[in-house]
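What follows is a single structure, written as structure tokens, with notes after it.
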Amino acid sequence: MRQVRLVRGAMSTALFAMTAVGCSGSGGAQSAETGHTTTASPSSATSGAAQTSDSVQGSWRAWTKDLSGSEGVKVCGATAHQVVCATGSDGFVGRSRTDGAVTWTVPTTAAGKNLGLVVDKADERAVTSGGRTLRAANLRTGKAAWSLELPADRVYAGFVAADGIVYALDTWSSFTREANVALGAYRASDGTALWHRTVDADRYESPAAFGGRVYTTDSSKVTARDGRTGDALATTTSGTKCPHLIAGGDYLVCSGSAYTTEDSFPPLRRLDPGDLRPLATAKDSGQKPKRALISADGVLMLFEVSPEDSSVGDWTAYDLNHPKKLWSYYTTSAEAGLVGGRFVTFTPGNDPATRGRMITIDLHAGPHAKGDAAPRMSPAYPETVDSAYPALVLPGGDPDYVVIETMVHHILRSLPIP
């Protein structure tokens, strides 16, 4: 499950949001062939795409490619077969896993800022948004799959894809109006609207979804809904503070928000995904939570930083099944991923002995483990130094390669995972 959400305080010139669906609730999807509003159905749009075999032939290899000016920053994803990046406000580019060359394109439909990308590997869809529009590309054919458009006074504010459904929040485009947040569910394959309703939710917090349910929070209450019908199934008990939802595997955890200006934060709290009752949870450090990941076997990786200096911090591993802290790793990067039972991040940029490298750490054994569980470091590359502002793009499955996207000079580089 991958989430995209609105960024606080960034609405003056562009709405940093990503969400789905028509606020009218009509279930209309825009055909990529005609550009007219139709009942949602599979679209066979033309898009200048290459044949599928061109994008998936060959195996993953090491390569380096400059990104085009139209490809946005930190809006790339990957499957086991290819890399896909968002372009313009709502376009897509597919790239070969063998050499990084462009294999297909779906041109953008409008000017404006792109708000993010979610790759739904199971349904072979990439989904992006340009504010009022939510658009999907078919990763098998390299063509536009479907498009949804909101009324002029609404924008998308966060979305997630899980279990063959795209869940999206939308809200008023003007932040001078009282917040009104709606949640919609759309079939990932063709954009068909399943349901759409007003909900109690923070417009800055993307929904979380897994196991046939979708979860939203308004900071003081978490609500679980049936993914197919939108019916409310459970809410948290009074007094459960939940500014931010973390989900991974079959686990759901409340934490403080990375965007708060306060210097104290509610403690971590694991929730039962069924009835949302609080469960025993390891005690966190009390520092500001900046980013989090949860493995399929219940290890929460939390990047905790000082409220006064978020440029350095500790990636801390918490066991959710047997509530306890496992280990921590000091570094200067909030970029991270999970691959084959190991945690992937970058070495601290302020350590002359190790800086400029990727490192993988056994999730359970930690950075001081020996033997087969010992940490593994890559060579130093120009793209993995702090000054390049590297981001990780992890393919699906159990990959041998990882793609690094640099913010400086804006390139993609495929490298072996250490």
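Between Trp315 and Tyr329, the distance from one ring center to the other does not fall under 6.0 angstrom. For Phe210 and Tyr215, the gap between ring centers is short of 6.0 Å.
Judged by distance alone, with hydrogens and angles left aside, the side-chain atoms of Arg357 form a donor-acceptor pair with the main-chain N or O of Ser378 at under 3.5 Å. At least one donor-acceptor pair closer than 3.5 Å links the side chain of Lys288 to the backbone N or O of Ala258. Of the possible polar contacts, none joining the Asp170 side chain to the Arg154 backbone as a donor-acceptor pair under 3.5 Å is found. The main-chain N or O of Pro107 is never found under 3.5 Å from a side-chain atom of Thr105 such that the two would form a donor-acceptor pair.
Looking only at atom types and distance, the side chain of Ser189 has no donor-acceptor partner in the side chain of Asp123 under 3.5 Å away. No side-chain N or O of His409 forms a donor-acceptor pair with one of Glu383 less than 3.5 Å apart. A side-chain donor-acceptor contact under 3.5 Å links Asn350 and Tyr330. Side-chain contact annotation: Thr354 with Asp351, donor-acceptor N/O pair under 3.5 Å present. Donor-acceptor pairing under 3.5 Å is recorded for the side chains of Thr316 and Glu304. Under 3.5 Å, the side chains of Ser333 and Thr331 contain no donor-acceptor pair of N or O atoms. Using a 3.5 Å distance cut-off with no hydrogens or angles, the side chains of His364 and Asp319 do not pair a donor with an acceptor. Trp104 and Gln82 share a side-chain donor-acceptor pair at under 3.5 Å. Arg270 and Thr281 form no side-chain donor-acceptor contact under 3.5 Å, judged by distance and modelled atom types alone. In the model, Ser89 has a side-chain atom that pairs as donor or acceptor with a side-chain atom of Thr108 under 3.5 Å.
With sequence neighbours left out, the salt bridge (Lys or Arg N to Asp or Glu O under 4.0 Å) criterion links Asp275 to Arg277. Residues meeting the side chain to side chain contact (heavy atoms under 4.5 Å, CB included) test with Ala78, sequence neighbours left out: Val83, Val393, Pro395. For the salt bridge (Lys or Arg N to Asp or Glu O under 4.0 Å) test, no residue two or more places apart in sequence or in another chain qualifies with Arg225.
Applying the 6.0 Å contact sphere to CG of Asp250 captures no more than 12 heavy atoms from other residues, nucleotides or ligands.
Electrostatic pairing of Lys74 and Glu335 counts as a salt bridge here, judged by a charged N lying under 4.0 Å from a carboxylate O. Comment: Asp226 does not engage Arg213 in a salt bridge, judged by the lack of any side-chain N to carboxylate O separation of less than 4.0 angstrom.
Across Asp90, Thr128, Thr87, a single residue satisfies side-chain hydrogen bond (donor to acceptor under 3.5 Å, both in side chains) together with Asn114, and that is Thr128.
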